Amino acid sequence: MPNAEQPADRKTLDDRQKMTDLERLRHSCAHVLATAILRLWPEAQFAAGPPVENGFYYDLDLGHRISPEDFEKIEAEMKKEIKANNVFERIVVTREQALADAASGRLGGLGERPGNPSKFKIGNLADIPEGEPISYYRNGDFLDLCAGPHVMRTGNIGAFKLTHVASAYYKGDEKNPQLQRIYGTAFKNKTELEAYFTMIEEAKRRDHRKIGQEMGLFALDSEYVGPGLALWLPNGTAIVEALETLAKEAEFAAGYVRVKTPHLAREKMYKTSGHLPYYAESMFPPMQIDEVAPRRSELAAKKQQLWELCRSNGAAEILNVSATEQAALSSGQEFQLLDQRTRELDPALPAETKRVLLELRDIARALFQLPPAEVYYLKAMNCPHHHRIFAAEPRSYRDLPLRLAEYGTCYRYEQSGELFGLMRVRALNMNDAHIYCTAEQFAEEFRAVNDMYLKYFQIFGLSKYQMRFSTHSAEGLGKKYVNEPELWHKTEDMVRRVLIESGINYVEVANEAAFYGPKIDVQVWSAIGREFTIATNQVDFAVPAKFGLTYRDRDNTDKTPLCIHRAPLGTHERFIGFLIEHYAGNFPLWLAPEQVRVMTIGDEEPLVTYAQAIVAELRANQVRVKADFTTNKINGKIQDAEKAKVHTMLVIGSRDMEAGNVSLRLHGKGNIGAKPKADAVAEILVAIKERRG
RNA sequence: GCCAGUUUAGCUCAGCGGUAGAGCAACGGUUUUGUAAACCGUCGGUCGCCGGUUCGAUCCCGGCAACUGGCUCCA
């Protein structure tokens with residue numbers, strides 16, 4: 001289906017000129033990839049081949065399924081093209097010329113291909129606005145519709161590698177045909193290419209699924225619990241609780257109050273909030289509770305029998321309703337209709353016909369008068385519950401800002417193909433809070449939220465982050481977004497102003513807002529330079545009004561508050577998934593599931609008694625400590641502890657005991673040496689309390 | 001949900017048209033030890049699930065599920 005609208009992400013010529021040198025190089029490499037594929041499969045049809053974050057891709061349609069086994073020969077052809085050092089030549093043409101070349105199959109080909117027109121290029125041409133120049137780029141025989149820019153020559157592509165093949169919809173629309181997408185990456189030189197693959201290897205080594213398994217942090221039991229429903233094992237729960245304690249302290253200090261809400265709510269909640277219909281497909285299907293279900297089905301069956309009887313004996317004609325019309329009626333409408341028609345009955349009707357019609361009416365009434373089934377949904381968000389907490393008591397301007405915080409569990413029916421380890425799940429624990437405030441208070445509250453982020457970033461040693469400010473699009477109003485154009489602009493201006501004033505690093509992207517207001521996604525980069533979107537802030541100008549939330553202002557009138565949704569620590573699932581990679585499982589002491597392991601050299605008294613007292617003292621101070629007093633060799637015990645990534649190891653032999661010492665060893669750092677027992681314990685307690693990195 | 005790939009013991013992985021094997025872990029012993037592995041033994045699997053082909057299927061074929069890489073979506 002041709003896409004009439006401009007794709008929201010289509011780059012303007014201006015954007016294209018901003019392409020970095022590396023992006024140009026990668027984009028050029030995509031053309032070289034297409035050149036190579038055409039030499040092997042001349043019939044291939046190409047769609048789009050842009051640079052992306054870590055490389056480039058080209059989408060193509062081809063009968064042969066390209067697999068990684070084909071990469072070697074494709075790469076060999078690519079090398080030939082690079083060695084030929086062809087110039088990337090820009091050619092400006094008229095739209096008529098471009099359409100003619102697409103029809104002949106010349107675009108995205110090595111020559112004309114009669115009977116095999118460049119179908120996707122025709123679609124791409126349609127997206128080019130009138131007045132914008134139409135250009136080709138040619139390298140050797142390969143001619144492509146392309147706005148550029150490119151490097152000068154194919155030989156400028158220093159080092160490249162094809163990485164994987166995937167499928168993608170033409171223009172990203174699932175209604176369009178699926179294409180094969182060949183991914184690759186390219187760099188200025190071989191050194192940088194190798195550094196990139198080293199980083200990928202490191203990311204694999206730090207994969208949260210692998211480390212989570214090894215360290216016993218969480219389990220995914222799709223058979224019994226369900227896909228995307230994580231079980232937090234004791235070690236993982238230790239991290240969960242350390243994070244919750246951090247959040248509770250930070251939120252308490254920032255004037256938040258805590259609340260607790262159930263995991264489900266009645267349908268009315270989500271009809272009012274607007275999650276239905278905007279969000280319905282991301283929610284688990286509803287639960288129906290029908291306390292009179294047997295009576296309801298009994299009456300319905302009887303009613304249907306009577307209708308059939310009426311149709312067979314002609315009584316239905318008096319009612320003047322076809323079977324299809326009747327089926328479409330609600331029980332209320334059906335009763336009303338029957339009630340009305342039976343009032344106007346011709347007294348000459350046979351008594352039996354009358355009796356049946358009246359009985360039908362009575363059954364319809366009984367059915368209508370049954371209490372309706374109750375419908376409940378698992379919550380996909382905490383906001384509606386918090387809104388009802390706001391509504392639970394009368395509010396004055398003196399109560400604002402009201403900051404309601406909760407680590408709330410939400411359930412989202414993510415499509416099966418979207419699930420991924422802990423990073424994308426169906427049950428998630430959010431570091432959620434909603435701040436109800438006046439428009440005047442907004443800037444200050446928003447700044448305070450940003451400060452909280454910065455505080456967290458410091459604790460976790462995150463030096464690179466970015467706020468991604470998502471705004472609405474005019475076309476989405478009434479569809480993807482609540483139809484309040486003025487409020488959208490007003491709120492977006494307000495947020496933009498605060499972002500600029502606070503000097504925070506942000507980018508703005510259109511058409512990615514939440515349905516009820518603009519959104520700020522927080523992106524952070526892990527220790528090995530991978531990007532994660534871990535948290536989100538949203539400004540909600542619409543839903544509080546839908547719930548009729550008001551506060552009494554100074555002037556004795558009722559006003560609707562603004563609501564800021566914020567979740568700096570995101571969800572436990574994604575945030576801990578991120579932390580696992582960030583720390584490679586080597587958590588700082590305050591987060592480490594097993595903070596300390598005390599191990600003795602041998603198992604003889606009084607050594608064990610001495611060690612046991614240290615364990616007891618640490619436990620009394622809420623330290624997560626384990627003892628290893630077995631007769632295994634000390635090297636073996638140390639290896640066990642190192643493999644378990646225990647942060648601090650206290651090795652105790654008779655030498656230590658006699659001096660009142662412990663020998664300290666830190667995970668990954670090796671033996672530190674002996675120190676007085678009291679000093680070692682005190683240092684552990686301080687490092688935990690200060691959340692030292 | 002769509003396209004592709006994967007699924008063998010708790011974990012990492014061999015293997016094969018004739019009903020399975022290693023290392024680690026676990027368990028039982030022996031060993032009394034100074035900073036990343038002392039030794040011996042034992043247990044452990046409807047080869048993801050359901051069908052089909054076959055004398056016989058973990059292996060071949062089909063369907064389903066889960067997981068993974070992407071797409072769409074998203075914290």
Side-chain angles (χ1 to χ4, degrees), chain A residues 52 57 59 65-68 163-183 207 209-210 213-214 216 219-223 226-228 279 281-282 380-381 410 412-432 470 512 514 519 521-523 532-538 565-578 599-604 607 629-644 649-656 663-674:
Chain A
V52 287
Y57 64 79
D59 284 346
R65 283 228 167 273
I66 292 178
S67 79
T163 52
H164 51 284
V165 55
S167 83
Y169 299 107
Y170 179 49
K171 292 186 188 179
D173 186 333
E174 62 184 331
K175 291 188 221 65
N176 284 338
Q178 280 208 318
L179 307 174
Q180 301 188 55
R181 175 170 291 181
I182 316 297
Y183 279 92
D207 189 307
R209 292 163 298 184
K210 183 168 165 274
Q213 156 88 274
E214 287 165 1
L220 289 162
D221 179 355
S222 58
E223 191 182 354
Y279 207 76
E281 65 179 33
S282 294
M381 298 186 156
C410 297
R412 298 186 183 174
Y413 191 77
E414 305 289 355
Q415 296 182 54
S416 58
E418 290 166 350
L419 300 175
F420 169 64
L422 271 190
M423 302 306 284
R424 200 68 187 275
V425 291
R426 285 182 174 163
L428 33 110
N429 290 282
M430 287 183 81
N431 170 226
D432 215 355
S470 302
E512 289 189 13
K519 180 169 94 163
D521 287 316
V522 182
Q523 298 172 291
F532 290 80
T533 299
I534 49 166
T536 227
N537 293 337
Q538 285 151 17
H565 306 235
R566 43 107 282 176
L569 299 179
T571 63
H572 282 321
E573 287 74 15
R574 186 169 290 183
F575 196 74
I576 292 174
F578 163 77
M599 40 196 127
T600 52
I601 302 173
D603 69 342
E604 285 175 338
L607 193 58
F629 300 158
T630 58
T631 63
N632 287 341
K633 282 188 90 89
I634 192 63
N635 283 16
K637 294 190 191 189
I638 284 168
Q639 174 149 343
D640 287 347
E642 289 282 357
K643 271 166 65 179
M649 287 154 273
L650 300 181
V651 176
I652 299 171
S654 47
R655 233 159 48 208
D656 302 294
S663 286
L664 188 67
R665 180 187 171 96
L666 297 178
H667 172 55
K669 298 203 176 77
N671 187 10
I672 305 295

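For clarity, every value in this text was computed on a predicted model and none was experimentally measured. Below, all heavy atoms of this structure are taken into account, side chains as well, without hydrogens, waters or symmetry copies.
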Check: [Y] main-chain N/O paired with [X] side-chain donor or acceptor under 3.5 Å:
| X | Y | value |
| --- | --- | --- |
| A:Lys637 | A:Val651 | no |
| A:Arg412 | A:Ser282 | no |
| A:Thr571 | A:Arg574 | yes |

Start at the 5' end of RNA chain B and walk down; is the nucleotide closest to A:Ile638 or to A:Glu214 reached first?
->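 Taking each residue's closest nucleotide, the earlier one in sequence belongs to A:Glu214.
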
With [atom1] as the reference atom in both, quote the distance from [N] to [M] in angstrom, rounded to an integer.
| N | M | atom1 | answer |
| --- | --- | --- | --- |
| B:C2 | B:C64 | P | 9 Å |
| B:G48 | B:A57 | C1' | 16 Å |
| B:U54 | B:A20 | P | 24 Å |
| B:C11 | B:U7 | C1' | 15 Å |
| B:C47 | B:U58 | P | 6 Å |
| B:G44 | B:U8 | C1' | 14 Å |
| B:G63 | B:C55 | P | 24 Å |
| B:G69 | B:A26 | P | 30 Å |

Please identify each residue that fulfils ring-ring contact (aromatic ring centres under 6.0 Å, His included) with A:Tyr183, with sequence neighbours left out.
->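 Scan of A:Tyr183 (ring-ring contact (aromatic ring centres under 6.0 Å, His included), adjacent residues dropped) gives A:Tyr57, A:His164.
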
Looking at residues at least two apart in the chain, or sitting in another chain, which of them share a ring-ring contact (aromatic ring centres under 6.0 Å, His included) with A:Phe578?
-> A:Phe532, A:His582

What is the distance from atom [atom1] of [X] to atom [atom2] of [Y], rounded to the nearest 0.5 Å?
| X | Y | atom1 | atom2 | result |
| --- | --- | --- | --- | --- |
| A:Glu512 | A:Asp521 | CD | CG | 8.0 Å |
| A:Leu664 | A:Lys669 | CG | NZ | 10.5 Å |
| A:Gln523 | A:Thr533 | CD | OG1 | 4.5 Å |
| A:Met423 | A:Phe575 | CE | CZ | 10.5 Å |

Ignoring hydrogens, what is the shortest heavy-atom contact between [X] and [Y]? Give both atom names and the distance.
| X | Y | answer |
| --- | --- | --- |
| A:Pro568 | A:Ala535 | O-CB, 3.3 Å |
| A:Asp656 | A:Ala674 | OD1-CB, 4.0 Å |
| A:Glu414 | A:Arg426 | O-NH2, 2.7 Å |
| A:Val425 | A:Glu573 | CG2-CG, 3.6 Å |

Between [atom2] on [N] and [atom1] on [X], what's the gap in Å once rounded to a whole number?
| X | N | atom1 | atom2 | value |
| --- | --- | --- | --- | --- |
| A:Gln213 | B:C24 | CD | C1' | 13 Å |
| A:Gln639 | B:C24 | CD | P | 12 Å |
| A:Met649 | B:A36 | CE | C1' | 9 Å |
| A:Glu642 | B:U35 | CD | C1' | 9 Å |
| A:Asp221 | B:A65 | CG | P | 18 Å |
| A:Glu223 | B:C67 | CD | P | 12 Å |
| A:Phe420 | B:G70 | CZ | P | 8 Å |

With a cut-off of 6.0 Å (strictly less than), are more than 12 heavy atoms of other residues, nucleotides or ligands near CD of A:Glu281?
->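 Atom CD in A:Glu281 is not packed in, count stays at 12 or less.
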
Any N/O pairs under 3.5 Å between the protein and nucleotides 25-34 of chain B? List them or say none.
residue: B:U31; atom: N3; partner: A:Thr631; partner atom: OG1; Å: 3.1
residue: B:U31; atom: O4; partner: A:Thr631; partner atom: OG1; Å: 2.3
residue: B:U32; atom: O2; partner: A:Asp603; partner atom: N; Å: 3.3
residue: B:U32; atom: O2; partner: A:Asp603; partner atom: OD1; Å: 3.3
residue: B:U32; atom: N3; partner: A:Asp603; partner atom: OD1; Å: 2.5
residue: B:U32; atom: O4; partner: A:Asp603; partner atom: OD1; Å: 3.3
residue: B:U33; atom: N3; partner: A:Thr631; partner atom: O; Å: 2.3
residue: B:U33; atom: O4; partner: A:Thr631; partner atom: O; Å: 2.2
residue: B:G34; atom: O6; partner: A:Ser654; partner atom: N; Å: 3.0
residue: B:G34; atom: O6; partner: A:Arg655; partner atom: N; Å: 2.6
residue: B:G34; atom: N1; partner: A:Asp656; partner atom: OD2; Å: 3.0
residue: B:G34; atom: N2; partner: A:Asp656; partner atom: OD1; Å: 3.4
residue: B:G34; atom: N2; partner: A:Asp656; partner atom: OD2; Å: 2.8
residue: B:G34; atom: N2; partner: A:Ser663; partner atom: OG; Å: 3.0

Identify each atom pair where a protein N or O and an N or O of nucleotides 73-75 of chain B are less than 3.5 Å apart, giving names and distance.
residue: B:C73; atom: O2; partner: A:Glu418; partner atom: OE1; Å: 3.4
residue: B:C73; atom: O2; partner: A:Glu418; partner atom: OE2; Å: 2.9
residue: B:C73; atom: O2; partner: A:Arg424; partner atom: NH1; Å: 3.1
residue: B:C73; atom: O2; partner: A:Arg424; partner atom: NH2; Å: 2.3
residue: B:C73; atom: N3; partner: A:Arg424; partner atom: NH1; Å: 3.1
residue: B:C74; atom: O4'; partner: A:Arg424; partner atom: NH2; Å: 3.4
residue: B:C74; atom: O2; partner: A:Arg424; partner atom: NH1; Å: 3.3
residue: B:C74; atom: O2; partner: A:Arg574; partner atom: NH2; Å: 3.2
residue: B:A75; atom: OP2; partner: A:Lys519; partner atom: NZ; Å: 3.0
residue: B:A75; atom: O2'; partner: A:Ile534; partner atom: O; Å: 2.9
residue: B:A75; atom: N6; partner: A:Glu414; partner atom: OE2; Å: 3.3
residue: B:A75; atom: N6; partner: A:Val425; partner atom: N; Å: 3.4
residue: B:A75; atom: N6; partner: A:Val425; partner atom: O; Å: 2.9
residue: B:A75; atom: N1; partner: A:Val425; partner atom: N; Å: 3.4
residue: B:A75; atom: N3; partner: A:Thr571; partner atom: OG1; Å: 3.1

Option from A:Asn537, A:Asp432, A:Val522 for which side chain to side chain contact (heavy atoms under 4.5 Å, CB included) with A:Arg566 holds = A:Asn537

Between the protein and nucleotides 48-50 of chain B, list every N/O to N/O distance that falls short of 3.5 Å.
none

Treat a base pair as Watson-Crick or G-U wobble with both distances under 3.5 Å, then lay out RNA chain B in dot-bracket form, 5' to 3', with | for cross-strand pairs.
-> (((((((..((((....[..)))).(((((.......))))).....(((((..]....))))))))))))....

How is [X] classified with respect to the nucleic acid when contacts are heavy atoms under 4.0 Å: base, sugar-phosphate, or nothing?
| X | answer |
| --- | --- |
| A:Arg181 | sugar-phosphate |
| A:Phe575 | nothing |
| A:Leu220 | nothing |
| A:Gly670 | nothing |

Given B:C71, is OP1 or OP2 found less than 4.0 Å from the side-chain N or O atoms of A:Tyr183?
-> yes

